[in-house]
Amino acid sequence: MEKANQTGMILFHFRPFSKLPEVQMLIFVTFLLMYLVSMSGNFSITLIIWINRSLHTPMYFFLGNLAAVEICYSSTIAPLTLASVWSTERTLISLAGCGTQMFFFMFLGSTDCILLAVMAYDRFVAICHPLRYTLMMNRRLCVQLSLGTLVLGFFLAIQLTVLIFQLPFCSSQEISMFYCDVLPVMRMACADTRVHEATLFVACIIVLTIPFLLIALSYVFIVAAILKINSAEGRHKAFSTCSSHITVVLLQYGCTSLIYLCPSSSYSPERSQVVSVVYTFITPMLNPLIYSMRNKELKDALKKEIKRLFST
């Protein structure tokens with residue numbers, strides 16, 4: 001019977017943010033603007049780094065990778081969310097569609113978090129071992145680290161997705177979220193999910209806790225090295241190259257930890273929905289703004305390309 005239920009025509013629908021059409025329209029416009037800013041900002045950073053040879057360094061290589069991941073990450077969530085908010089009727093999604101969205105959400109989200117840890121290591125080598133930086137952070141290592149984040153994110157996502165969608169879902173239900181998130185979908189299964197919740201917690205330790213501890217350790221050494229710099233200008237330059245990364249790390253890890261590292265007994269759909277907006281819409285929108293505003297080389301490259309574009 002369970003197998004029949006799983007393979008039958010089960011459709012989920014997303015919980016609306018509000019029952020008032022006016023509020024839904026306001027939310028739609030807000031989300032659409034954030035998505036467009038996110039896409040244009042991250043695409044601009046990726047393109048500028050790609051075409052500007054002066055930015056072909058390890059730091060900008062990883063930043064370009066982060067921007068590309070953010071483009072795919074936003075596109076996994078935003079289009080279906082916008083369609084759901086815009087529609088006056090319930091937007092339905094099949095089990096297969098829900099599983100696909102969940103896989104890409106976990107895959108790209110995990111890659112994003114691990115990549116931030118790799119970027120912290122790059123800053124650690126640049127500031128603590130400047131004379132050996134180009135030797136240590138060679139192109140081959142940068143490519144290997146970038147591919148490693150994708151591979152690790154892929155395997156974690158595929159294992160969790162397969163594990164969750166082996167659960168029996170007995171009927172069509174409302175997902176208490178605006179996308180197919182792990183915890184809301186898992187709670188709709190008509191079976192014991194304690195093992196699955198434990199597996200998810202372990203995966204979150206791998207994706208969130210361990211990388212964050214490595215980032216924190218990197219910055220302990222970075223701050224110690226910066227304080228030894230004699231010139232105030234040198235200290236300011238070193239801090240400015242790290243401040244953007246720290247801001248993004250706090251936004252990304254802070255919000256995701258509130259959802260995935262809290263006890264399951266304290267899970268609140270309403271709180272999760274609000275916090276999820278931050279790391280699915282707001283953070284991808286702010287990342288390019290934070291990096292472009294705090295990075296002089298990137299700002300100069302952007303201005304140069306804009307002038308060249310309008311002068312032709």
Side-chain angles (χ1 to χ4, degrees), residues 5 8-44 69-109 112 161 164-165 169-190 251-252 254-256 258-260 262 264 266-290:
N5 284 335
M9 194 59 180
I10 293 178
L11 298 172
F12 298 142
H13 63 272
F14 302 109
R15 175 178 294 180
F17 285 89
S18 173
K19 294 181 179 179
L20 299 174
E22 298 82 1
V23 177
Q24 285 286 93
M25 181 55 65
L26 178 61
I27 292 170
F28 173 82
V29 172
T30 304
F31 280 6
L32 179 61
L33 289 175
M34 287 194 289
Y35 178 55
L36 293 176
V37 171
S38 171
M39 292 295 288
S40 58
N42 284 300
F43 180 76
S44 297
V69 170
E70 293 282 16
I71 291 170
C72 300
Y73 177 74
S74 296
S75 298
T76 299
I77 304 297
L80 190 59
T81 300
L82 290 169
S84 177
V85 174
W86 173 266
S87 177
T88 54
E89 299 180 356
R90 290 175 173 177
T91 300
L92 301 177
I93 185 169
S94 65
L95 271 177
C98 191
T100 302
Q101 187 186 50
M102 184 185 293
F103 164 75
F104 281 105
F105 166 71
M106 290 192 291
F107 167 42
L108 297 166
D112 200 327
T161 305
I164 291 168
F165 282 87
F169 295 92
C170 302
S171 62
S172 300
Q173 299 179 57
E174 179 184 79
I175 301 174
S176 60
M177 189 61 71
F178 54 90
Y179 64 99
C180 288
D181 197 8
V182 184
L183 287 171
V185 172
M186 197 187 302
R187 286 170 175 267
M188 294 191 303
C190 46
L251 276 171
Q252 184 75 9
C255 293
T256 50
L258 282 174
I259 303 297
Y260 298 106
C262 288
S264 58
S266 65
Y267 178 78
S268 167
E270 292 76 18
R271 186 191 65 181
S272 298
Q273 195 172 46
V274 173
V275 175
S276 295
V277 170
V278 176
Y279 62 78
T280 55
F281 279 92
I282 298 177
T283 302
M285 176 189 68
L286 290 179
N287 284 359
L289 298 176
I290 292 169

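For residues 12-23, the set of pairs meeting the side-chain hydrogen bond (donor to acceptor under 3.5 Å, both in side chains) definition, not counting sequence neighbours, comprises Arg15-Glu174.
With sequence neighbours excluded, the residues forming a ring-ring contact (aromatic ring centres under 6.0 Å, His included) with Phe281 are Phe31, listed by chain and number. Residues satisfying the ring-ring contact (aromatic ring centres under 6.0 Å, His included) test with Tyr279, not counting sequence neighbours, are none. Every residue was checked against the ring-ring contact (aromatic ring centres under 6.0 Å, His included) condition with Tyr35, not counting sequence neighbours, and none meets it. For Ser84, the side-chain hydrogen bond (donor to acceptor under 3.5 Å, both in side chains) criterion is met by no residue, not counting sequence neighbours. Remark: Ser87 engages Glu89, Thr91 in a side chain to side chain contact (heavy atoms under 4.5 Å, CB included) (not counting sequence neighbours). The side-chain hydrogen bond (donor to acceptor under 3.5 Å, both in side chains) check on Asp112 picks up nothing, with sequence neighbours excluded. Residues passing the side chain to side chain contact (heavy atoms under 4.5 Å, CB included) test with Leu32, sequence neighbours excluded: Phe28, Leu36, Leu82. Residues forming a side chain to side chain contact (heavy atoms under 4.5 Å, CB included) with Val278 (at least two apart in sequence, or on another chain): Cys255, Ile282, Thr283. In this view, Thr280 satisfies the side-chain hydrogen bond (donor to acceptor under 3.5 Å, both in side chains) rule with no residue, not counting sequence neighbours. Residues satisfying the side chain to side chain contact (heavy atoms under 4.5 Å, CB included) test with Ser94, not counting sequence neighbours, are Leu11, Ala96. Scanning for ring-ring contact (aromatic ring centres under 6.0 Å, His included) contacts around Phe178 gives Phe17, with sequence neighbours left out.
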Determine whether Phe14 and Leu80 satisfy the following criterion, side-chain contact (heavy atoms from CB on, under 4.5 Å), listing intermediate values before the conclusion. CA-CA 10 Å; Phe14 302 109; Leu80 190 59; 3.7 Å; yes
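Contact of the Ser74 side chain with the Met34 side chain is not registered, since no non-hydrogen atoms from C-beta on lie closer than 4.5 Å. Considering only heavy atoms from C-beta on, Phe165 comes within 4.5 Å of Val185 through its side chain. Taking 4.5 Å as the limit, some side-chain heavy atom of Ile93 sits within range of a side-chain heavy atom of Cys180. Within the 4.5 Å cutoff, no side-chain heavy atoms of Asp181 are placed close to those of Ser272. Proximity of Phe104 to Tyr73: side-chain heavy atoms (C-beta onward) are nowhere separated by under 4.5 Å. Proximity of Ile77 to Phe105: side-chain heavy atoms (C-beta onward) are separated by under 4.5 Å at one or more points.
The two atoms that bring Pro284 and Ser38 nearest to each other are O-OG, 3.3 Å, heavy atoms only. Summarising the geometry of Ile175 relative to Pro184, their closest heavy-atom pair is CG2-CB, 4.0 Å, with the distance given to 0.1 Å. Nearest heavy atom pair, residue Ile164 against residue Met186, reads CD1-CE, 4.0 Å.
Trp86 contributes atom CH2, which lies 12.0 Å from atom CD of Gln24 (distance to the nearest 0.5 angstrom). Rounded to the nearest 0.5 angstrom, Met285 CE and Leu33 CG are separated by 9.5 Å. Distance check, rounded to the nearest 0.5 Å: CD of Gln273 to CD1 of Ile259 gives 10.5 Å. To the nearest 0.5 Å, the span separating OG on Ser40 from CD1 on Ile71 amounts to 9.5 Å. Rounding to the nearest 0.5 angstrom, the gap separating the CE atom in Met177 from the CG atom in Leu183 is 8.0 Å.
Between the side chains of Asn42 and Glu70, no donor N or O sits under 3.5 Å from an acceptor N or O.
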